[in-house]
Amino acid sequence: MPKSRIRKKADFTPPPAKQAQAIKLTNRAWVAPVMLAMFLIGLAWIVVFYVTDGSLPIDSLDNWNIVVGFGFIAAGFGVSTQWK
């Protein structure tokens, strides 16, 4: 019975190395403190409004004080999109 031929495998050549691209990192250290501050200001605004039966923080806004508080909280969420 004849022997089968053994094929010689080609030597492995690794793919060419890619050039490292410079990654521009910006300093976003301000994001977390501002985000937390906005959350806390909004929460405090709403709590103060309810605790004082609507006479504080701004009496002339009446129930719009709740909208202002939630506006601060929404701004905190908006700032949080900048966090990396």
Say whether Trp45 and Val51 are linked into one hydrophobic cluster, either directly or through other cluster members, by side-chain heavy-atom distances under 4.5 angstrom. no
Is there a donor-acceptor pair closer than 3.5 Å between any side-chain N or O of Asn65 and the backbone N or O of Ile58? yes
Can you hop from Val68 to Ile66 via hydrophobic side chains spaced under 4.5 Å? yes
Centre-to-centre under 6.0 Å for Phe77 and Phe39, is that the case here? yes
Work out which heavy atom in Ala75 is nearest to a heavy atom in Met38; give both atom names and the distance. CB-CE, 3.6 Å
If hydrophobic clusters are built from ILVMFWY residues whose side chains come within less than 4.5 Å, do Val79 and Ile73 share one? yes
Shared ILVMFWY cluster between Ile46 and Leu61, side chains joined below 4.5 angstrom? yes
Note: Ser80 and Met35 closest approach over all heavy atoms is CB-SD, 3.1 Å
With a 4.5 Å cut-off on side-chain heavy atoms, are Phe72 and Leu40 touching? no
Applying the 4.5 Å side-chain criterion to the ILVMFWY set and letting contacts propagate, would Leu56 and Val47 be lumped into a single cluster? no
Between Ser55 and Asp59 (side chain of the first, backbone of the second, donor and acceptor by atom type, cut-off under 3.5 Å), is there such a pair? no
